[in-house]
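A short write-up of the structure that comes next.
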Amino acid sequence: MAALFLVMLFEYSPLFYITLIFVCFVVTTAVILGWFVWDIPVIIRNSEETESGVPVQKKRMVQVTNPFALDVADPLSASVTGRISLKSHCIEKCLLTTYWGCSVQKLQEGLQKHIYSSRIKEPNNLEEAIDGEYLHREQFLIEKERTDKRYSQLPKNSLIKDFGNLPRTRYPLVAMLTLAEEEDREVYEIVSLVTVIHIPDEKYELTCRILYQYLLTAQGHVYDLKRLFISADDHSLPSAKPSEKDERTKKILETFETTEDLDSHDESSKDCVVCQNAPVNWVLLPCRHTCLCDHCVKYFKQCPMCREFVRESFALLGLPVRTEMQCGAAEDQVENQMVVDDWGDVDEEEIHNGVNEWLEL
């Protein structure tokens, strides 16, 4: 019926088909150019005009103090049949409580209870949360800002030589740091540190190491701490004796009162991944990639590194932000500066050549 109706319209009015084709052409062109506010990929429009109409929420970040630090002092000598040496550092008086053979399932359930119901601020709270599912418990008092070692071990009469085959149902050791004084728990946002430690035994001889560390806050949050690794390139290692050319370049920069670091031009990791012209200054959440500058962050709904949708972002206010205007002003200042110092063996032509080389970097 629809086909017959269209044929009849064409016979009586060919203008109808011309109008229909024209309307389809206009709609298709509008979609391609991105005139509508639809979530359709923009193909032709300039990237500078693609600023998101829906602003990403900027999360307000506050600095908190972590009063706890715990590490294994002598991992090579630790064993289930022997003992383990724990080294802690606390800025307040704390309690170190160790739980041997703690149930894996009960510990994870206890961390969930901290989020949804009870707060684990004391050792008794953790023991109630895990329903007492552990084999042996020890407790030590850690004085303020002391770094003494504490030795923990199973009783000699326990006859425990291992914790079973993999996958295991019990952690070899769970160490918990809590604030000893009640008034300190009201001051600090972080109230306890739970550390899961692997200890070698007869059935699993992997070297003693920390498996997990959880920071528990008074607001019911649990943060999984990760180990921090940094690059061991030439910049982080002791540098060799500077050459005569480097000393001369440094003298030139100091004379022109510039504050640029000589190595700052080689640190490409600090440049924005999009424009490569400004330092990164924004952290994207939830992926936590730090890859955009102040100018480029407003053009992206997705992280340019992992394509994760950006829900929130916050600025690294501690990083210096240098705009193009400031860069131009610095160059003009260098060009217009009058040099009146005694350069020794460096003549005037060599000075200007050195400055021009630095500006072209």
Side-chain angles (χ1 to χ4, degrees), residues 65-104 106-107 110-111 113-114 118-161 163 170-201 207-218 222-225 227:
T65 302
N66 179 17
F68 310 112
L70 182 68
D71 200 3
V72 179
D74 302 312
L76 297 179
S77 62
S79 65
V80 171
T81 55
R83 64 180 185 177
I84 182 173
S85 175
L86 300 176
K87 186 176 181 180
S88 59
H89 179 79
C90 304
I91 60 178
E92 301 291 346
K93 184 182 293 186
C94 297
L95 290 176
L96 173 60
T97 310
T98 58
Y99 300 93
W100 288 83
C102 182
S103 171
V104 174
K106 290 297 183 179
L107 179 62
L111 296 177
K113 291 179 182 178
H114 174 80
S118 60
R119 300 289 182 261
I120 301 177
K121 299 182 179 181
E122 303 178 31
N124 294 335
N125 301 140
L126 179 63
E127 294 166 16
E128 294 175 0
I130 64 177
D131 297 330
E133 289 290 334
Y134 58 88
L135 302 179
H136 180 65
R137 172 183 181 272
E138 290 182 303
Q139 192 170 80
F140 310 92
L141 178 63
I142 308 298
E143 295 295 336
K144 181 178 179 180
E145 297 183 353
R146 293 290 298 272
T147 57
D148 299 338
K149 296 180 181 179
R150 296 292 186 270
Y151 299 96
S152 179
Q153 62 181 7
L154 287 167
K156 296 295 185 180
N157 56 0
S158 62
L159 302 179
I160 297 176
K161 297 182 178 180
F163 289 95
R170 294 181 180 271
Y171 289 123
L173 184 66
V174 174
M176 180 180 179
L177 278 170
T178 55
L179 295 167
E181 305 293 339
E182 180 67 28
E183 55 269 18
D184 292 335
R185 302 190 192 106
E186 304 298 329
V187 174
Y188 289 94
E189 178 69 19
I190 299 174
V191 293
S192 57
L193 172 66
V194 178
T195 304
V196 179
I197 304 173
H198 167 74
I199 303 177
D201 54 30
T207 309
C208 178
R209 65 189 62 190
I210 294 177
L211 299 179
Y212 311 102
Q213 278 191 314
Y214 303 100
L215 280 179
L216 280 60
T217 69
V222 177
Y223 295 100
D224 184 7
L225 291 183
R227 290 191 175 273

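The chain is numbered in sequence order, starting from 1.
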Nearest-0.5 Å distance, [atom1] of residue [X] to [atom2] of residue [Y]:
X	Y	atom1	atom2	result
Leu216	Ser192	CG	OG	4.0 Å
Tyr151	Phe140	OH	CZ	11.0 Å
Lys161	Ser79	NZ	OG	12.0 Å
Ile142	Asp148	CD1	CG	7.5 Å
Leu177	Cys90	CG	SG	4.5 Å
Gln153	His136	CD	NE2	8.0 Å

Self-check item: OH (Tyr212) with more than 12 external heavy atoms under 6.0 Å
Solution: no
Quiz item: Any salt bridge between Glu127 and Arg137, counting N to O under 4.0 Å?
Solution: yes
Which atom of [X] lies closest to which atom of [Y], heavy atoms considered:
X	Y	answer
Ala73	Lys149	CB-CE, 3.9 Å
Glu143	Lys93	OE1-CE, 3.6 Å
Ile120	Val191	O-CG2, 3.8 Å
Ile199	Ala78	CG2-C, 4.2 Å
Asp131	Lys113	OD1-NZ, 4.1 Å
Glu122	Met176	O-CE, 3.7 Å

Quiz item: Pick from Leu173, Leu126, Leu135: which one makes a side-chain contact (heavy atoms from CB on, under 4.5 Å) with Tyr99?
Solution: Leu126
Quiz item: When Ile197 is tested against each of Leu211, Thr98, Leu86, Val174 for side-chain contact (heavy atoms from CB on, under 4.5 Å), which residue passes?
Solution: Leu86
Flag side-chain contact, heavy atom, 4.5 Å: [X] against [Y]:
X	Y	answer
Leu225	Leu193	yes
Pro123	Thr178	yes
Thr147	Lys87	yes
Ile190	Thr65	no

Can a donor-acceptor pair be found, under 3.5 Å and without considering hydrogens, that links the side chain of [X] to the backbone of [Y]?
X	Y	answer
Arg170	Gly101	yes
His114	Thr217	yes
Asn66	Phe68	yes
Arg150	Leu141	yes

